[in-house]
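Report on the following structure.
Everything numeric in this text was worked out from a predicted model, so none of it was measured. A, B, ... follow the sequence lines: proteins, then strands. Residue 1 opens every chain.
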Amino acid sequence: MALTKNQIAQRIAQELRDKWYVNLGIGIPTLVANYIPEGIEVEFQSENGLLGMGPFPIEGTEDADLINAGKQTVTVLDGGSIFDSATSFAMIRGQHVQLTVLGAMEVAQNGDIANWKIPGKMVKGMGGAMDLVASAENIIVAMMHTNKRGESKLLKECSLPLTGVGCVTKIVTNLAVLEIKNNVFHLLERAPGVTVEEIKKATEGTLVIDGQIPEMRL
Amino acid sequence: MALTKNQIAQRIAQELRDKWYVNLGIGIPTLVANYIPEGIEVEFQSENGLLGMGPFPIEGTEDADLINAGKQTVTVLDGGSIFDSATSFAMIRGQHVQLTVLGAMEVAQNGDIANWKIPGKMVKGMGGAMDLVASAENIIVAMMHTNKRGESKLLKECSLPLTGVGCVTKIVTNLAVLEIKNNVFHLLERAPGVTVEEIKKATEGTLVIDGQIPEMRL
Amino acid sequence: MINKTVKNVTEALVGVTDNMTLMLGGFGLCGIPENAIKELVKRKVSNVTCISNNAGVDDFGLGLLLQNKQIKKMISSYVGENDEFERQMLSGELEVELTPQGTLAEKCRASQAGFPAFYTPAGFGTEVAEGKETREFDGKMYVLEPAFKSDFSFVKAWKGDTSGNLIFKGTARNFNPCMCGASTITVAEVEELVPAGALDPNQIHIPGIFVQRIFQGEKYEKRIEQRTVTPKS
Amino acid sequence: MINKTVKNVTEALVGVTDNMTLMLGGFGLCGIPENAIKELVKRKVSNVTCISNNAGVDDFGLGLLLQNKQIKKMISSYVGENDEFERQMLSGELEVELTPQGTLAEKCRASQAGFPAFYTPAGFGTEVAEGKETREFDGKMYVLEPAFKSDFSFVKAWKGDTSGNLIFKGTARNFNPCMCGASTITVAEVEELVPAGALDPNQIHIPGIFVQRIFQGEKYEKRIEQRTVTPKS
């Protein structure tokens, strides 16, 4: 069974480590905050200027002056802080944020990522994604393995305009966990019940399968 | 009569304009704050991180955590603010400070200034002077016309290591007010009772004397 | 102390003319200079270049200027919340320069702080870096990005004093502090204008030196784009 | 939330060894990390490079490390308050890199913010620019200055919380915020350590992300260099 979006988030949450500052992109990445493993402390950074981002506010207490990068009303946890945009990207560019999780339209086997533009069609802008992928030491892409037309999103080369080059290290999709090393995808784990063959078929880029591939534990 | 240090400061204070932010160096420049003309408002910036610097504190109220760039205990006026060193020099480099007044060991007729080092003898460091002179649009040097050995401090070329190049626009000494334009000193005003000849004699650099030179009004 | 107050938004915008480059604070609709934007609409200032992280929504924020076709060019990082924007851009009516968000913030800060340009890794190897100088430092590649040059900055703060000192509230801070002092003239509008001395000098977010004009905005709608809440249990 | 507290200064300095590069906050004796400096003396850490705007006075601040000849190299903007410093420098025992104050601050900030280098007009045409790249932007000349690389930052704040958030008091702020996050490990000592949640998130000067270790200093002497006062009338 392919993972649900929540299960992708749950699997990514297993990658969190104690004392990490984490930036979660819009979409599936946001859900990761719901699955922080027991016994570890992480803080979420929102690039519009918030550290220690908490859950959505209790109905009636929402504040127009307190939103996250997705423009959603949020809260600040005890020990959180507010800062301006230049300081926010000082944190990101200065590699003070240990993990970035974001979505993608395409990932290439050399670690390139495309997620901000479809020429002539969609031009929403890159927001903070280019800064994040250019600076983060540790980037996990959360996405579906294939697009709506069933085409692989794990490619030999990206066809869309790039967001960053050679930066993605790990990918968690609805089918698998993969690592990028030496310019190829390495299959690390399968979604429960999904076969290596299914993953192979859904992956256009070069896929290295080394030994037995375990099923994910959720 | 040559001016006293206080009179040099008094003459410089006449250059202040309403709504200017002003950085005063250590020594004679500091005294300028005592002679702000009636009817204008200026604010003093201290490069260690203080805007709206006020007078020395009333005895007994001094605070080790509130000093100026000369390490003297000071006060903050209503409407003042405190900031870090990077922000302080953002103000200076970004040309938000309208006037810098500082001392000098030598000034050259092309506007070069030397005031931070005597090789092998005095090595206190440049502090914020290099940032100030490289960025300020409006720099007034406050100094004695000659050094302790009676040698001119207004030179064809500086002999000491430079603080900045081609940056000084005006000089107020104990003998005269001078302007630097087209790589020569222009005599603007004489100290009361001081003759043009005396000023000529005390000036090593090229001195342009255009018409009658008025006496300063203090 | 130097007094920066102007009577109202009309006086605050004196000197704003067609073809100027304007910086506008805010992230989404959070912390935008609502009064200045309305006045720009009212004055029908046209052909302006706007530097702003976002372009508002169709009927609020910078979207109002877009509806009236007052904007020649937008410099932003994300513009996905505005249909009219997308239409004007795809039809070629509107010039758009999309800039990574951190680069956008630092181009403002560079201008504020007197840096002519800076090297950032953001955008290297992408179309953002096309035609720009790139350079390696310590094995990593960077793109040289110039500081912005802008005529007016319009920012919105929570509290301000007559000396121009500003304090922001929550994430309505965002780009506002970075844009102060980054244009020839910075106009700050505040929810509450207090006398000099009423704010703690240790708690000022933006010292008054970066602000030329300050006024208390008439009213603030503070529209919420995504009202997300946890139901009362 | 992430807890950054360490028990005391001893634990705060774990990992500091000979030959390291250290940043130390403060301007003159104002806002210096008194407890960290005393611990460096006690540990006899030697051959270190110190990045600090000043070098203390003969018997306080970094002067204590100088007396013990623990410092190999000083990177400062002004060192005029210290006779032993001048003696060691002129005799060649001490290596000294004098840096314009604004450049010094920005070399810290560049390191904090992930900029490899920056262009500043300060020092152009002087011996500070010797051997450095210079470049013209818009008719003005600039010097390329690299960011600092440093092992430990020692800073002093007024209040801090267990998440590492810092608030400074008066001009004891100075270089301290710029040095946070500018070294591999930043150690903050505070006059008062409070629980996470006790500080207003809007009023934090340095977010905890830039601080790895925090502790409450045992005591602060806060010596005044120039006690200048207005007599009571």
### Task
Give the member of C:C108, C:G80, C:A105 that has the highest number of heavy-atom pairs under 4.5 Å with chain A.
C:G80
### Message
Looking only at heavy atoms and a cut-off of under 4.5 Å, which of C:G125, C:P121, C:P177, C:A55 has the most pairs with chain A?
### Response
C:P121
Between [Y] and [X], is there a side-chain heavy-atom distance shorter than 4.5 Å?
X      : Y      : value
C:L24  : C:F152 : no
C:V194 : C:L199 : yes
A:C158 : A:I113 : no
C:I71  : C:T49  : no
A:I140 : A:I171 : no

### Task
Starting from the C-alpha separation in whole Å, work towards a yes-or-no answer on side chain to side chain contact (heavy atoms under 4.5 Å, CB included) for A:L102 and A:M143.
CA-CA 8 Å; A:L102 78 176; A:M143 65 177 190; over 6 Å; no
About how many Å separate [atom2] of [Y] and [atom1] of [X], when rounded to the nearest 0.5 Å?
X      : Y      : atom1 : atom2 : answer
C:L90  : C:F85  : CG    : CZ    : 9.5 Å
A:L99  : A:L24  : CG    : CG    : 7.5 Å
A:L162 : C:F124 : CG    : CZ    : 11.0 Å

### Query
Does any heavy atom of chain C fall under 4.5 Å from the side chain of A:A69, the backbone, both, or neither of them?
both
#### Entry: chain C contact via A:F89 - which portion, at a heavy-atom distance below 4.5 Å
side chain
Heavy-atom pairs under 4.5 Å with chain C are the metric here; pick the option from [options] that has the most.
options                      : answer
A:A86, A:G125, A:P57, A:G128 : A:P57
A:L132, A:L50, A:V123        : A:V123
A:A64, A:P55, A:G49, A:G166  : A:A64

### Query
What part of C:V96 gets closer than 4.5 Å to chain A, counting heavy atoms only: side chain, backbone, both or neither?
neither
No hydrogens needed, just list the donor-acceptor pairs between chain C and chain A under 3.5 Å.
unit_1: C:S77; atom_1: O; unit_2: A:M126; atom_2: N; d: 3.1
unit_1: C:S77; atom_1: O; unit_2: A:G127; atom_2: N; d: 2.9
unit_1: C:V79; atom_1: N; unit_2: A:K124; atom_2: O; d: 2.6
unit_1: C:E81; atom_1: OE1; unit_2: A:K71; atom_2: NZ; d: 3.1
unit_1: C:Q101; atom_1: N; unit_2: A:G127; atom_2: O; d: 2.9
unit_1: C:Q101; atom_1: N; unit_2: A:D131; atom_2: OD2; d: 3.1
unit_1: C:G102; atom_1: N; unit_2: A:D131; atom_2: OD1; d: 3.2
unit_1: C:G102; atom_1: N; unit_2: A:D131; atom_2: OD2; d: 3.0
unit_1: C:T103; atom_1: N; unit_2: A:D131; atom_2: OD1; d: 3.3
unit_1: C:E127; atom_1: OE2; unit_2: A:K117; atom_2: NZ; d: 2.6
unit_1: C:K140; atom_1: NZ; unit_2: A:A134; atom_2: O; d: 2.9
unit_1: C:K169; atom_1: NZ; unit_2: A:D63; atom_2: OD1; d: 3.4
unit_1: C:K169; atom_1: NZ; unit_2: A:D63; atom_2: OD2; d: 3.2
unit_1: C:K169; atom_1: NZ; unit_2: A:D65; atom_2: OD2; d: 3.0
unit_1: C:T171; atom_1: N; unit_2: A:D65; atom_2: O; d: 2.8
unit_1: C:T171; atom_1: OG1; unit_2: A:D65; atom_2: O; d: 3.3
unit_1: C:T171; atom_1: OG1; unit_2: A:I67; atom_2: N; d: 2.9
unit_1: C:T171; atom_1: OG1; unit_2: A:I67; atom_2: O; d: 3.4
unit_1: C:R173; atom_1: NH2; unit_2: A:I82; atom_2: O; d: 3.4
unit_1: C:N174; atom_1: O; unit_2: A:S85; atom_2: N; d: 3.0
unit_1: C:N174; atom_1: O; unit_2: A:S85; atom_2: OG; d: 3.3
unit_1: C:F175; atom_1: N; unit_2: A:S85; atom_2: OG; d: 3.3
unit_1: C:K222; atom_1: NZ; unit_2: A:D65; atom_2: OD2; d: 2.6
unit_1: C:Q226; atom_1: N; unit_2: A:K71; atom_2: O; d: 3.3
unit_1: C:Q226; atom_1: O; unit_2: A:T73; atom_2: N; d: 3.1
unit_1: C:R227; atom_1: NH1; unit_2: A:E62; atom_2: OE2; d: 2.9
unit_1: C:T228; atom_1: N; unit_2: A:T73; atom_2: OG1; d: 2.9
unit_1: C:T228; atom_1: O; unit_2: A:T73; atom_2: OG1; d: 2.6
unit_1: C:T228; atom_1: OG1; unit_2: A:T73; atom_2: N; d: 3.1
unit_1: C:T228; atom_1: OG1; unit_2: A:T73; atom_2: O; d: 2.8
unit_1: C:T228; atom_1: OG1; unit_2: A:T73; atom_2: OG1; d: 3.2
unit_1: C:T230; atom_1: N; unit_2: A:P57; atom_2: O; d: 2.7
unit_1: C:T230; atom_1: O; unit_2: A:E59; atom_2: N; d: 2.9
unit_1: C:T230; atom_1: OG1; unit_2: A:F56; atom_2: O; d: 2.6

### Message
Before you tell me yes or no, could you show the steps for A:V133 and A:V168 under side chain to side chain contact (heavy atoms under 4.5 Å, CB included), namely the whole-Å CA-CA distance, both residues' side-chain angles and the distance that decides it to 0.1 Å?
### Response
CA-CA 8 Å; A:V133 301; A:V168 176; over 6 Å; no
